[in-house]
Amino acid sequence: AEEGRRHRAAVEHLLRVSSELTSSRSRAEMLGAVCEGIRDALGFDKAAVFLDEKRDGWLSPAAGVGFDGLEHLGPFPTAGLDAMMAPHLEREGCVLIDSVTARAMAVELGVATAYVSQKNGRGPHAWDHHWLMVPLRDRSGALLGFLWADDPTDRLLPGIDDLRALRAFANHAVGAIEAARQVERLRDLAELDPLTGLHNRRGFEHGLESRRKPLALVICDLDHFKRVNDTLGHPAGDDVLRRFAELLRSCTREDDAAIRLGGEEFALVLAGVGEREALAVAERLRREVAAEFREFPVPISVSVGIADSGPCDGAEALVRAANRALFAAKRLGRDRCVVHHAETLAMLDALADDRASEQLEAALLLAETLDLRDVATARHSETVGRYAERIADELGLSADQVERVRVAGVLHDIGKLGISDAVLLKPGALEPSEWEEIRRHPEMGARILEHANLRDIAAWVLAHHERIDGSGY
């Protein structure tokens, strides 16, 4: 009578689990329902499902009932458990091993024993520290994990019907696992770029929403990438994109995300960092690109725009800020990293205007803003302009030339727009890579002024750190 009652209860629970499998419940909920069914229908106080979720060769608990906590169970080596659950040891799809044999096999196969049965009986049909496992295999026969049942309430070994019911519950667990993997595969198709394996734009939006704050966004664009396709063909271009994606991936931690936004544009979402740390990552990436493609037939470099979530109100604002910084990096000559600063980038935009007087006014205002940005050298540009004006006047230049020299003095450091606060305002000694960034500011300044059609001043600014003897910066 008791066996018939348990059989009916098992059927009822199996029907309930089957209906839940076709619902929208998560895999964790489904596996939890399987464990509850084993407890309620088959009379095992403890049941757990172990899976190789990280796919690293170790089986860890994914769901369970009856334990104070699952964290102390496992992990178990997949290869060892696979040997303990070999097909010739199965009975009705389950593996039931006495404690002496199980422990000997465990020692031989390197499987740890983490739990000792509490409900044991006496006699030939009694449960006595047995191991009851049900292998969970995919359609190819590969081991996905196993189902473990222990502590039968009646302290007896399971009968044939119990083992068959246990196998049926295990089949439902396999169904839940396979369904979850199918969803994962579909999600990968929807969110991963097939060429590089990085997240695509859809994954990018999810990354911005799900990463912990603060966070920084780094948007990268390969410079003049069209030349690669035009010169070497699209297969070579695809190879460059894959190699760059690997460099980008090497810059990420577990909480970060590397994304291909489309074409030659990529992004990094860096969790828990601000502007300074993001700039360090971006500069490292820029140098690694130069090293990776040093011998490539077509020049390869990357321009980078950086913004952090501090001053940005929401994901859209963060993306806009990083894109503005990227645009500035392109205008400053490419192959550089620019951090978003709203005021200075607004004035840089003004320099693109065709009206010369307003361009000059914007440049002068930008130089004044840069003075205020660096408190250690406040009013420096104005002072240099004043001295340059006096020297030009003493040399007997015309009034127009004197004014032009004064303006050049005021604008000589305008290229510091392209240098981050982390470097420009660093209180200690600069690293070699930071000195390299500082030394590029005359070139950046000249490019800004050339875009503003101030070509004579651009030439003077380009040379303002050159030595008289021609020995360089």
Side-chain angles (χ1 to χ4, degrees), residues 53-56 184-185 187-223 240-293 300-326 329 335-341 420-423 431 433-434 437:
E53 296 196 87
K54 296 181 180 179
R55 302 185 187 181
D56 59 357
E184 183 179 334
R185 284 191 289 269
R187 185 172 60 246
D188 286 347
L189 288 174
E191 296 187 356
L192 295 184
D193 172 55
L195 177 64
T196 64
L198 301 180
H199 291 286
N200 58 20
R201 186 172 287 275
R202 182 174 177 178
F204 170 59
E205 294 167 356
H206 175 72
L208 286 178
E209 294 169 357
S210 62
R211 260 51 183 192
R212 60 189 170 90
K213 306 298 187 295
L215 61 80
L217 176 60
V218 176
I219 296 183
C220 316
D221 190 271
L222 292 172
D223 300 322
V240 169
L241 294 174
R242 282 190 289 263
R243 288 166 67 181
F244 178 78
E246 285 303 311
L247 295 178
L248 200 67
R249 193 178 280 111
S250 71
C251 293
T252 62
R253 304 158 302 169
E254 185 175 352
D255 288 345
D256 301 332
I259 302 110
R260 184 186 179 196
L261 296 176
E264 65 270 24
E265 192 172 47
F266 295 79
L268 282 172
V269 180
L270 304 176
V273 304
E275 168 192 307
R276 185 187 184 99
E277 298 92 339
L279 176 64
V281 172
E283 282 293 346
R284 171 188 153 199
L285 174 65
R286 190 182 63 81
R287 291 193 298 271
E288 289 183 354
V289 168
E292 173 73 16
F293 296 100
I300 301 292
S301 62
V302 63
S303 297
V304 184
I306 303 157
D308 66 31
S309 58
C312 296
D313 184 16
E316 290 185 8
L318 183 64
V319 173
R320 284 197 301 271
N323 272 317
R324 273 192 87 191
L326 174 62
D335 190 21
R336 67 193 68 245
C337 305
V338 171
V339 177
H340 178 266
H341 292 285
S420 69
D421 286 347
V423 173
E431 300 293 332
S433 61
E434 294 169 333
E437 184 179 353

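Heavy atoms only: backbone and side chains are in, while hydrogens, waters and symmetry mates are out.
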V338 side chain reached by V304 side chain, heavy atoms, under 4.5 Å: no
Contacts of A258 meeting side-chain contact (heavy atoms from CB on, under 4.5 Å) (sequence neighbours excluded), chain-then-number -> L198, L248, T252, L268
Residue pairs passing the ring pair (Phe, Tyr, Trp, His ring centres under 6.0 Å) test with at least one member in residues 244-272, sequence neighbours excluded, are F244-F266
When rounded to the nearest 0.5 Å, the distance separating CD of E265 from CG of D221 is 5.5 Å
Taken in chain and number order and not counting sequence neighbours, the residues that satisfy salt bridge (Lys or Arg N to Asp or Glu O under 4.0 Å) with E431 are none
Those residues at least two apart in sequence (or on a different chain) that pass side-chain hydrogen bond (donor to acceptor under 3.5 Å, both in side chains) with R336 are none
*Output yes when a side-chain donor or acceptor of S309 lies under 3.5 Å from a complementary backbone atom of P214, and no otherwise.*
no
Nearest heavy-atom contact between G197 and L192 is O-CD2, 3.9 Å
In short, salt bridge (Lys or Arg N to Asp or Glu O under 4.0 Å) pairs touching residues 243-252 with sequence neighbours left out are D239-R243, R243-E292, E246-R249
Sorted by chain and number, sequence neighbours left out, side-chain contact (heavy atoms from CB on, under 4.5 Å) with V240 holds for L222, F225, V228, F293, F296, I300
Closest non-hydrogen contact found for V218 with A282 is CG1-CB, 4.3 Å
Correct closest heavy-atom pair for V339 and L279 would be CG2-CD1, 4.1 Å
Residues passing the side-chain hydrogen bond (donor to acceptor under 3.5 Å, both in side chains) test with D223, sequence neighbours excluded, are S301, S303, K330
Residue set satisfying salt bridge (Lys or Arg N to Asp or Glu O under 4.0 Å) with R284, at least two apart, ordered chain then number -> E288
Going by heavy atoms in the side chains, are N200 and R260 under 4.5 Å from each other?
no
Review point. Does some side-chain heavy atom of H199 sit less than 4.5 Å from a side-chain heavy atom of D193?
Key: no
For E277, the side-chain hydrogen bond (donor to acceptor under 3.5 Å, both in side chains) test, sequence neighbours excluded, returns none
Taking every heavy atom of C251 against every heavy atom of D256, the minimum-distance pair comes out as O-OD2, 4.3 Å
* Main-chain N/O of R320 paired with N323 side-chain donor or acceptor, under 3.5 Å -> no
- Give the intermediate values and the outcome of side-chain contact (heavy atoms from CB on, under 4.5 Å) for residues S433 and R287. CA-CA 9 Å; S433 61; R287 291 193 298 271; 3.3 Å; yes
Pair R253-V273, side-chain contact (heavy atoms from CB on, under 4.5 Å): steps then yes or no | CA-CA 12 Å; R253 304 158 302 169; V273 304; 3.8 Å; yes
Residues at least two apart in sequence or cross-chain that pass salt bridge (Lys or Arg N to Asp or Glu O under 4.0 Å) with E264, listed by chain then number, are none
In short, A278 meets I306 closest at the heavy-atom pair CB-CG2, 3.8 Å
Discussion item. Using only atom types and a distance under 3.5 Å, with no angle test, would you say the side chain of D308 pairs donor to acceptor with the backbone of E275?
Written reply: yes
Scanning both residues in full, the closest heavy-atom pair of A307 with A321 reads CB-CB, 3.7 Å
Interatomic distance, CG@L215 vs CG@L270, rounded to 0.5 Å, equals 8.5 Å
- Task: Please report the C-alpha distance between V319 and L217 in whole Å, then the side-chain angles of each, then the deciding distance to 0.1 Å, and finally whether the side-chain contact (heavy atoms from CB on, under 4.5 Å) criterion is met.
- Result: CA-CA 7 Å; V319 173; L217 176 60; 3.9 Å; yes
